[in-house]
Every structure is written in C-alpha cells, then in structure tokens.
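As structure tokens, the structure follows; a few thoughts come after it.
When reading the values below, keep in mind they use all heavy atoms of this one structure, side chains included, and skip hydrogens, waters and symmetry mates. Sequential numbering from 1 along the given sequence is applied to the chain's residues. Values in this document were obtained by computation on a predicted structure and should not be read as measured data.
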Amino acid sequence: MMLMFGLMLLLQTVACLDRSCRFNQSDICYAALGHKLCLLNPSNNDVKIQKIINYDTASDPVCRVKNGKKKETECGLYRNRSEVTVINGTLIINPVIRADSGNYTVTLSYPSDSSDTSTVLQVNVEAPIGSVKVSISCSSSGAMRVSCSSEGDQLLYSWTLNGDPLIDGNSSIDLDKGTNGSISCGVKNHVSHGQKTVSVKPCLVSSASVFVLVWCFQLMVLLGLLGGFHIYMRHTSGKKQEDHKLRMRRFREGHEHTAEDP
C-alpha cells in the first residue's frame, strides 16, 4: 500500500499539474507564483541552463542537467534551493519565486554528433488570481455601478449580464437603472482565472434622496416666485414713479397757465 502511494506521488510530481514549459519552446513560459513549474526536456539530452543577468557568460549562473540528474557542482543557478529537483530530465521548481522570472539561454547537447543548439527561453512569473469579489453601488438617481476586484498580476476583466457578454474590459461597469438579473465578472491572467456571479435588482431611491429632490423642487419654485414678485414690484414701483411725474408735470403746467391769465 505504501509502495502504491509512493508511485502515485511520483507520478503526480512528474505530471506537473501546475505549469509546464519546454526547454526549446519559442513563446513565453508563464509560471504561477508559489506554484510548480516544470521545464521539460523533449529530447532527453544534456541541457545547460544559464540565466541572462549581466550578459556575461563567464559570470552568469549556470545549471547543467545531465543524464536526467542535476549536477550540483555546476548548478550556481539553483544553489541552496531545495525546492528545485530533477526527475527523468525534467527540471521542477516548486514553489516558484519572483526571482525565477527572466531570460535563460538553454543549450541542448547531442552526444551522437557532438553538436549543440541554443535558444532563449523567457520566463514570466505572475501571481495567480485570488478570490473574485463583486460589489454594487447605487446613485441617487437609481443608476448602478458594479465593481470587481481580485488579487493577482496582469488582470483582465470580462462581464456577462444574464449570460450575454458586455463589451467592457474594465474592473467596473455602469448599468442602467431598472437592470435586473445576474451579472458575472470574469478575471484571468496567463496562469489562472476566476469568476463571481451576483444577482442585481433595480436600485431603490432612498427616502432621504426623495426628500432632497422634493426640497430642491420646492426651493426652485420658491425662488421662481420670489423672482417674479421682485420683477412685479420693480415694474409697479416704476409705474408709480411715472404716474407721480406725470401728475407733477400737469400740476406745473396748470399753475403756469393760471399765472399767465390777466
């Protein structure tokens, strides 16, 4: 029973359930921070891995994998890292750390004809997606803003409303008032993905908001009445002044006419 358990554990280790890359792949190798990375040797030949730091082959650290085993005496790249092992020519890093990011020169040796082939392997370490959280906020007008958040590096967002995709790649999205149903936020990067679905209902305008709106309307009406009254008073006052001037002018004209009579 213990033997079967050991074989299953070994198979799980070699299977590399987290992230796997090949020594000779041309595209970027993405590794999940804190998880396992397997670098596979498709040809099972001798491999020399040198991390490009100073672009100086004499000083940049080197690790050699020969005959399916890591040569500790020539492995300055992973020295003093017990989490780095080699099983059947596969270099396994578990867990991956930030310092594992970078460019590596990988040289495959072919003993049959004593030839070498070199390629540059770019490794990018990204923190995987954490738990996805969705929050909803309502404005005084009843409009909704839905926000999505999660931990991780290089996050990409996607939204669906009642199963229909929404064209928006931001971490927050605005919805019309009256929106009803379920909204899902999807978050992903190169090493993981996550999703959260919540129900949405039309926002209720609070009594305080209604009071403010009514108060504003009443204030506008009052200001309108005061403005109209002010205009009326100015008009009335001006008319009274004109009538007074007209009476005074007539009085003077009548007085002058009386004075001219013999």
Task: Short side-chain to backbone donor-acceptor contact, Gln195 and Ser184, under 3.5 Å - done: no
Task: Test log, rule side-chain contact (heavy atoms from CB on, under 4.5 Å), inputs Leu161 and Trp159 - done: CA-CA 7 Å; Leu161 178 62; Trp159 296 90; over 6 Å; no
Open item on the list: Using 0.5 Å steps for rounding, measure from the OG1 atom of Thr160 to the CD1 atom of Ile183.
Closed with: 7.0 Å
Task: Arg81 side chain near Ile97 side chain, heavy-atom distance below 4.5 Å - done: yes
- [ ] Output the distance between atom OG (Ser131) and atom CD (Glu151), rounded to the nearest 0.5 Å.
- [x] 6.5 Å
Open item on the list: Could you report the tightest heavy-atom contact between Lys177 and Ser141, atom names first, then the distance?
Closed with: CD-O, 3.4 Å
Open item on the list: How long is the straight-line distance from NZ of Lys51 back to CG of Asp100, given to the nearest 0.5 Å?
Closed with: 6.5 Å
Open item on the list: Taking the side chain as everything from C-beta on, heavy atoms only, tell me whether Asn162 gets closer than 4.5 Å to Ser182.
Closed with: yes
Task: Donor-acceptor under 3.5 Å (Arg145 side chain, Ser172 main chain) - done: no
TODO: For residues Leu91 and Val47, determine if any side-chain heavy atom of one lies less than 4.5 Å from a side-chain heavy atom of the other.
DONE: no
TODO: Please report the closest heavy-atom contact between Arg98 and Ala127, naming both atoms and the distance.
DONE: NH2-CB, 3.9 Å
TODO: Can you see which heavy atom on Ser101 is nearest to which on Val125, and at what distance?
DONE: OG-N, 2.9 Å
Open item on the list: Nearest 0.5 angstrom please: Ile92 CD1 to Leu37 CG, how far?
Closed with: 9.5 Å
Task: side-chain contact (heavy atoms from CB on, under 4.5 Å) evaluation trace for His190 with Asn124 - done: CA-CA 9 Å; His190 294 95; Asn124 286 357; over 6 Å; no
Task: Asn189 side-chain N/O to Leu155 backbone N/O, donor-acceptor pair under 3.5 Å - done: no
- [ ] State plainly whether one hydrophobic cluster holds both Leu33 and Val191, where clusters connect Ile, Leu, Val, Met, Phe, Trp and Tyr through side-chain heavy atoms under 4.5 angstrom apart.
- [x] no
TODO: Check the surroundings of atom CD in Gln154: do more than 12 heavy atoms from other residues, nucleotides or ligands lie under 6.0 Å from it?
DONE: no
Open item on the list: Within the 4.5 Å heavy-atom criterion, are Leu121 and Leu39 side-chain neighbours or not?
Closed with: yes
Task: Side-chain (Ser192) to main-chain (Ile129) donor-acceptor, under 3.5 angstrom - done: yes
Open item on the list: As an exercise, state the distance from OG of Ser158 to NZ of Lys188, rounded to the nearest 0.5 Å.
Closed with: 7.0 Å
TODO: Mind listing the closest non-hydrogen atom pair of Cys148 and Tyr157 along with its distance?
DONE: O-CE2, 3.8 Å
Open item on the list: Is the shortest side-chain heavy-atom distance between Ile136 and Leu175 below 4.5 Å?
Closed with: no
TODO: Evaluate the disulfide bond (SG atoms under 2.5 Å apart) criterion for residues Cys38 and Cys21: first the C-alpha distance (whole Å), next the side-chain angles of each, then the deciding distance (0.1 Å), finally the verdict.
DONE: CA-CA 6 Å; Cys38 294; Cys21 298; over 6 Å; no
Open item on the list: Quick check: is Val146 connected to Leu166 through a chain of hydrophobic side chains (ILVMFWY, heavy atoms under 4.5 Å apart)?
Closed with: yes
- [ ] Treat each ILVMFWY residue as a node, draw an edge where side-chain heavy atoms are under 4.5 Å apart, and state whether Ile173 and Val200 are in one component.
- [x] yes
TODO: Check Val132 against Cys185 and note the closest heavy-atom contact, atom names and distance.
DONE: CG1-O, 4.2 Å
- [ ] Determine whether more than 12 heavy atoms belonging to other residues, nucleotides or ligands lie under 6.0 Å from atom CG of Asp176.
- [x] no
Open item on the list: Under the side-chain contact (heavy atoms from CB on, under 4.5 Å) test against Ser118, which residue among Asn24, Val106, Thr107 passes?
Closed with: Thr107
Open item on the list: Does any part of the side chain of Pro202, heavy atoms only, come nearer than 4.5 Å to the side chain of Asn180, both counted from C-beta?
Closed with: yes
Open item on the list: Minimum heavy-atom separation for Val134 and Val198, please, with both atom names.
Closed with: CG1-CG2, 3.7 Å
Open item on the list: To the closest 0.5 Å, what do you measure between CZ (Phe23) and CD1 (Ile49)?
Closed with: 4.0 Å
